[in-house]
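Input: a single structure, listed below in structure tokens.
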Amino acid sequence: MQNEETLTTVQEHSAPGIASADLVDNVKKHGRSEQTLGLYYTIYSALSYTVSLSALRVLTDYNEVSSDWSITIKELTTVLCVTPFILARVARNKYLWPKFKVVALLTLAGFLCQAVGARPHLKAYDLIGIALATPLIQALGLIFSSLFGAFWLKERVTPMKFCALVILVVAVWVLSCSSPNQVDVTSNRRLLFGLGCVASTALGYSSQLSIMRRVLRTKASENKITRQKTDFAPTSLAMVVVTGVGALICGACFTASHGVHAWIEPPPQCWGLVLTAGVANMIGFYFQIESLRRLFVLKQTMIANVQTVTLTLFGLVFMHEPFKWTTFLGVALVVVGVALAGFAKES
């Protein structure tokens, strides 16, 4: 979509007598290099999120730690680290502020990510177990992303993308079957509530990614090709808005239910884990935003499933989860699906 619009603009604004064919060729090469960079950024993001989710996974073993506390501290890490950078740029009058509509959409993305996605995410871990919840969230996330991409963002689902989508959904289902449940889900009411949290999590994350893909337009360096002015949301502002919304929502919920004194009650090892999760989440979020500038949301979501492999390896090595032949099959299918998604060409 992005390359197609740029290509059309170049063709329309090429003056007579200028070698427009060379311009078009340069735009195509630029688009291919940007997509390759987006693929790398997605992998970097997935690896960083693996570290963050692994730390949060260990935190679930501490009964005295609230999920709202974990999310608030994790998100505040990004706010406190990135806000000084924004203020320094503002003081030097070098910060590019987006339109109010863009900020409003980023705020909506933050609300969907945190209230609809992150809070039910940790609740799903508690209700039906991490081993079952994680692949189900990823499978539903793929389906929701494909629907948002096709009907809202007008992204074309090519045959190769569809094959990759089917393979990845099958892969996460195989991995869910190969992993033992950590929580007794014999209660139908508990199971249904847990599955509802899974669906909410997938919907929240997918809608957040789709909105951010909508508002994250071309970077300033790309504008030099067409010399056209476009809406632009700075990466730093997007990070602070989305994580700041999460810190406000979860912080208010935690304070209302536990009181102010409860903020310092978790033991020191929990602080180490949550800060590790926060720093890794900040790095992963940065690369995720930069990849969304360059890739369609479905392709970005499919490639990000590489974290399924890394989380599975973490469970085998550090959580001493049993290895089964279905684990190997699921990991192999994920690798094939991610490879197909990576090779799928965008228009």
Side-chain angles (χ1 to χ4, degrees), residues 37-38 40-42 44-53 55-56 59 68-115 117-119 208-209 211-213 215-223 230-255 260 262-264 266 268 270-294:
L37 192 59
Y40 291 144
Y41 282 163
T42 303
Y44 299 154
S45 173
L47 294 176
S48 299
Y49 278 137
T50 297
V51 177
S52 179
L53 290 173
L56 292 176
L59 273 173
D68 283 327
W69 180 86
S70 301
I71 296 173
T72 303
I73 302 300
K74 174 176 70 72
E75 305 296 22
L76 275 178
T77 303
T78 299
V79 175
L80 295 177
C81 289
V82 180
T83 299
F85 167 80
I86 296 178
L87 295 177
R89 298 280 292 178
V90 170
R92 296 168 60 187
N93 199 26
K94 290 187 176 181
Y95 200 74
L96 181 62
W97 291 101
K99 296 178 181 178
F100 175 78
K101 178 182 177 181
V102 174
V103 178
L105 285 172
L106 288 176
T107 304
L108 176 61
F111 174 80
L112 292 170
C113 174
Q114 307 295 346
R119 295 192 76 219
Q208 175 239 338
L209 290 176
I211 291 174
M212 294 190 69
R213 168 64 188 174
V215 301
L216 293 172
R217 302 298 180 88
T218 54
K219 291 179 71 66
S221 59
E222 294 176 303
N223 294 341
T230 58
D231 293 339
F232 176 67
T235 299
S236 54
L237 185 65
M239 294 174 69
V240 169
V241 170
V242 173
T243 56
V245 169
L248 287 174
I249 293 174
C250 297
C253 292
F254 179 78
T255 303
V260 178
W263 284 100
I264 58 173
C270 293
W271 282 93
L273 287 169
V274 77
L275 290 176
T276 299
V279 172
N281 180 77
M282 177 176 62
I283 297 172
F285 194 20
Y286 168 79
F287 284 122
Q288 184 184 67
I289 292 175
E290 291 300 313
S291 66
L292 281 171
R293 293 191 189 278
R294 297 163 172 84

What's the separation between atom [atom1] in [X] and atom [atom2] in [Y], rounded to the nearest 0.5 Å?
| X | Y | atom1 | atom2 | value |
| --- | --- | --- | --- | --- |
| Thr42 | Leu47 | OG1 | CG | 11.0 Å |
| Ile71 | Leu59 | CD1 | CG | 11.0 Å |
| Met282 | Cys81 | CE | SG | 4.0 Å |
| Thr243 | Leu80 | OG1 | CG | 9.0 Å |
| Cys113 | Leu108 | SG | CG | 11.5 Å |
| Gln208 | Leu112 | CD | CG | 8.5 Å |

For [X] and [Y], work out which heavy atoms get closest and say how close.
| X | Y | value |
| --- | --- | --- |
| Leu106 | Ala233 | CD1-CB, 4.3 Å |
| Cys250 | Asp68 | O-CB, 3.6 Å |
| Ala238 | Ile289 | CB-CD1, 3.9 Å |
| Gln114 | Val245 | CG-C, 4.4 Å |
| Ser52 | Ala277 | OG-O, 3.0 Å |
| Val79 | Val240 | CG2-O, 4.1 Å |

State, with a plain yes or no, whether a side-chain heavy atom of [X] is found less than 4.5 Å away from one of [Y].
| X | Y | result |
| --- | --- | --- |
| Glu75 | Asn281 | yes |
| Val82 | Tyr286 | no |
| Trp97 | Val103 | no |

I'd like to know whether OH of Tyr41 has more than 12 heavy-atom contacts from other residues, nucleotides or ligands below 6.0 angstrom.
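Buried by this count: over 12 neighbours within 6.0 Å.
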
Say whether, by atom type as modelled, one donor and one acceptor occur between the side chain of [X] and the main chain of [Y] under 3.5 angstrom.
| X | Y | answer |
| --- | --- | --- |
| Arg213 | Leu292 | yes |
| Arg92 | Ala88 | no |
| Ser45 | Gly284 | yes |

What is the ring orientation for Tyr40 with Tyr44, classed by angle as parallel under 30°, tilted 30 to 60°, or perpendicular over 60°?
parallel

Does a donor on one side chain sit under 3.5 Å from an acceptor on the other, for Ser236 and Arg89?
no

